[in-house]
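Step one of this worksheet: look at the structure below.
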Protein chains: 2
Amino acid sequence: MTKVTMADVAKFAGVSKSTVSQYINHRYEYMGEGTRRKIKEAIEQLGYQPNYVAKSLKQKRTFIIGIIVADIVHRFSTEVSRSIEDFCYENEMQAIICNADNNGKKEKKYIDMLRAKQVDGLIIFPTGQNEDLYKKMVEEGYPVVFMDRDIPHLKAPFVLANNQQATYEAISYFIQKGHQRLAIATQPLTISSRKERIEGYKQALNDHHIEPRADYMISTDISELHQNLNRLFQLDMPPTAILAGNDLVFLEILSFLQEKKLKIPEDVSLIVFDNIPFAHLTNPPMTIIAQPAFEMGAKAADLLLKQINKEAILPERIYFTCELICR
Amino acid sequence: MTKVTMADVAKFAGVSKSTVSQYINHRYEYMGEGTRRKIKEAIEQLGYQPNYVAKSLKQKRTFIIGIIVADIVHRFSTEVSRSIEDFCYENEMQAIICNADNNGKKEKKYIDMLRAKQVDGLIIFPTGQNEDLYKKMVEEGYPVVFMDRDIPHLKAPFVLANNQQATYEAISYFIQKGHQRLAIATQPLTISSRKERIEGYKQALNDHHIEPRADYMISTDISELHQNLNRLFQLDMPPTAILAGNDLVFLEILSFLQEKKLKIPEDVSLIVFDNIPFAHLTNPPMTIIAQPAFEMGAKAADLLLKQINKEAILPERIYFTCELICR
DNA sequence: TTGTAGGCGTTATCAT
DNA sequence: ATGATAACGCCTACAA
């Protein structure tokens, strides 16, 4: 175990703890060449490693941030997290990732836990179920950045995708390709991003004078998606195109189509809202709406670190443009 | 900010700090009903949250473990990490994941960093480039578990896959299907798991009286894989089957085959050593060698926590059986 | 049953 | 240029 402490180094080098501390923190300004060498040697001899816990206690900074994702299973979440981690690495920080599993209780527990561990700030994909807590943190001035889902009326930095606009464009593209019977499937409309995607869908239909049909709009838990799809494709006029609201929905649809021996794109066309790892390698290649996960993660991390270092007053809501990749 | 401390609670409740400490740590044994209620109230009123940094300093435990993966890009690494996190959650611990990026320097930096932060233990996918450091940790009795790659002669707990055996079986299966010209492609043979896969391949050929050919065995960086595949398929007798040593190699091969308009399985058969997220949904479905990532992660976490809690003397090397999923 | 005092390993302030 | 001393917030004997 690392039991050699600064006091040991000090004794070994024949100087005081303060001087060793100076050395550790690269404050060589007034340090004599001799002491410097002695300390260096002592550290090497003893194999001394500073204790960050003690340092943190004193400085009230842990150099750790927390990431709380609503659902780690999404490709998008993992890409964003990775990008945040990269950004942290470059800034000598570390990240703890926690998976709230779409569960408000778990989210609260993690927020409390991470704050108890004194992490310097939090990036949250909010479940939306702890509005009071979000608000309290913001009011206390605790550094937070929210991602992916908007919480209306919350005055805090948000990093968001332009869901509505992107969906609008994708559906319009489908319509231009000649589709008239378009369906959309998402998970339950409990968070802003899903609602916005539905909005974009409706608006596109409207603008192209297609009447939206309630039975073409599915919003359900993944576990019940299969039977909903069944119902959808048993309609007299089943859709010729369907937009999958995210990657999980996509996988479920794919498996459904395969089971029913429906071919893409002959029997039904598919667009996915989310990056799919090898969309370019599937057969046929998949048309997707790609969110700039990497940029969004980097931005969130940047905003958080700026906040932690009190470097800037933060903007409130930043929207990123998604890209429709037609294949 | 959490500025309210135990002393504040004590003062507010009209008791001493120690009593509050007792309360926080659920030592109600000798505590009067009255004090208990007063403290409870004080905590609620003040919104007190214990400071884990201070607690950690005193108790020399942070309730955090570190995971250092050699390359986070692999599906296997992420599945294992997820599984470790789940296990930690159930045991009131947290995990910090670091990506060494196959870089020994980075690996060392992370190990030092995490230990400086006093994490309670480490799970490492070793790059193999810091043998002395691994050894030192083990000798110091610092809790460590190694994953995925063996480091010969290191007396420490390892959680490993039976790479050789699994590859042997996969190749044998191909041979039974009538293949005679079998190739294998892996990343460079710098770590044990890749070497073992090659060994299993050779052994299977041998046992079936097929002469191994050097030009059918590719071990190269991903960046140079494409040109190696080019060479492979320009041979007079190109292989009819190829085993991809991991998921990254697989993606590269897939993209190569697509470019050359080679069909699976008509022109060439493919087996992948690694779980591919939607292998069952690709067309045609992919035959894979699946490592039990979830179980391996849970086991590693279990061993580490046991070690941290000094609950057991640890076994040295545990091998997990991979499953050949034929599709 | 509760309080007092000291220490965990640093850093910060102020002397010297 | 370097050192003494007091925090940081909590836990733990031991005393009362």
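As a basis for the values below, the full set of heavy atoms in this structure was taken, side chains included, without hydrogen atoms, waters or symmetry mates. Below, chains carry the letters A, B, ... as their sequence lines are ordered, and counting in each starts from 1.
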_Tell me every residue that passes side chain to side chain contact (heavy atoms under 4.5 Å, CB included) with A:Lys60, counting only those two or more places apart in sequence or in another chain._
none
*asked:* Rounded to whole Å, how long is the line connecting atom CD1 of B:Ile24 with atom P of D:dT12?
replied: 13 Å
*Considering just the side-chain nitrogens and oxygens of A:Tyr48, establish if one lies under 4.0 Å of OP1 or OP2 belonging to C:dT10.*
yes
*List for me each residue that meets salt bridge (Lys or Arg N to Asp or Glu O under 4.0 Å) alongside A:Asp112, sequence neighbours excluded, and say none if there are none.*
A:Lys108
*asked:* Expressed as a whole number of angstroms, how long is the span from A:Asn25:CG to C:dT10:P?
replied: 11 Å
_Any pair counted as salt bridge (charged side-chain N to carboxylate O under 4.0 Å, His left out), so long as it reaches residues 39-49 of chain B, sequence neighbours left out_ = B:Lys40-B:Glu44
_So, using salt bridge (Lys or Arg N to Asp or Glu O under 4.0 Å) as the criterion, who are the partners of A:Lys109 when residues are at least two apart?_
B:Glu92
*Within this structure, what is the CZ-to-C1' distance between A:Arg61 and C:dT10, rounded to whole angstrom?*
16 Å
*D:dC8 phosphate, OP1 or OP2: any side-chain N/O from B:Asn51 under 4.0 angstrom?*
no
*Would you check if B:Asn102 and B:Thr190 make a side-chain contact, meaning some heavy-atom pair closer than 4.5 Å?*
no
*Please round to 10 degrees the angle between the axis of the first five pairs and the axis of the last five pairs in the helix from C:dT1-D:dA16 to C:dT16-D:dA1.*
40°
*asked:* Is the shortest side-chain heavy-atom distance between A:Phe12 and A:Val4 below 4.5 Å?
replied: no
*Relative to each other, are the rings of B:Tyr110 and A:Tyr89 parallel, tilted or perpendicular (30° and 60° limits)?*
tilted
_Heavy-atom side-chain proximity of B:Leu248 to B:Asp71 below 4.5 angstrom_ = yes
*Which whole-number value in Å describes the distance from B:Gln118 CD to D:dC10 P?*
19 Å
*Which residue, B:Thr35 or B:Leu57, contacts DNA chain C at a nucleotide closer to its 5' end, judged by nearest heavy atom?*
B:Thr35
_Spacing between B:Lys3 atom NZ and D:dC8 atom P, to the nearest angstrom_ = 13 Å
_Can you tell me if B:Thr19 touches the phosphate of C:dT2, counting only side-chain N or O atoms and a distance under 4.0 Å to OP1 or OP2?_
no
Please tabulate, for the side chains in residues 298-305 of chain B, all donor-acceptor contacts under 3.5 angstrom to protein atoms that are two or more places apart in sequence or on a different chain.
from	atom 1	to	atom 2	distance (Å)
B:Asp302	OD1	B:Lys306	NZ	3.1
B:Asp302	OD2	B:Lys306	NZ	3.1

*For the side chain of A:Lys17 and the base of C:dT10, is some donor closer than 3.5 Å to an acceptor across the two?*
yes
*Distance, rounded to the nearest Å, where A:Arg27 contributes CZ and C:dT10 contributes P*: 16 Å
*asked:* At a heavy-atom distance below 4.0 Å, what parts of residues 37-45 of chain B sit against DNA chain D?
replied: none
*Apply salt bridge (Lys or Arg N to Asp or Glu O under 4.0 Å) to B:Lys38 and list each qualifying residue two or more places apart in sequence or on a separate chain.*
none
*List for me each residue that meets side chain to side chain contact (heavy atoms under 4.5 Å, CB included) alongside B:Lys17, sequence neighbours excluded, and say none if there are none.*
B:Met6, B:Ala7, B:Ala10
*Could you give the CE-to-P distance, from B:Met6 to D:dT12, as a whole number of Å?*
10 Å
_Output the rounded distance in Å from CD (B:Gln22) to C1' (D:dC10)._
12 Å
*What pairs meet the salt bridge (charged side-chain N to carboxylate O under 4.0 Å, His left out) rule with one or both residues in residues 93-107 of chain B, with sequence neighbours excluded?*
B:Asp101-B:Lys106
*A:Lys60 side-chain N/O to D:dG9 phosphate OP1/OP2 under 4.0 Å*: yes
Do any N or O atoms of the protein come closer than 3.5 Å to N or O atoms of nucleotides 13-16 of chain C, and which pairs are they?
none

*Name the nucleic acid region contacted by A:Val15, choosing base, sugar-phosphate or nothing; use a 4.0 angstrom heavy-atom cut-off, strictly under.*
sugar-phosphate
*Check whether any side-chain N or O of A:Thr5 sits under 4.0 Å from OP1 or OP2 of C:dC8, and answer yes or no.*
no
*Residues two or more places apart in sequence or in another chain: which of them pass side chain to side chain contact (heavy atoms under 4.5 Å, CB included) with A:Gln59?*
A:Lys55, A:Phe63
*Measure distances between side-chain N and O atoms of A:Lys58 and base N and O atoms of C:dA12, and say whether any donor-acceptor pair falls under 3.5 Å.*
no
*With heavy atoms under 4.0 Å as the rule, sort B:Met31 into base, sugar-phosphate or nothing.*
sugar-phosphate
*asked:* Side-chain N or O of A:Ser21 versus OP1/OP2 of C:dT11: is the shortest distance under 4.0 Å?
replied: yes
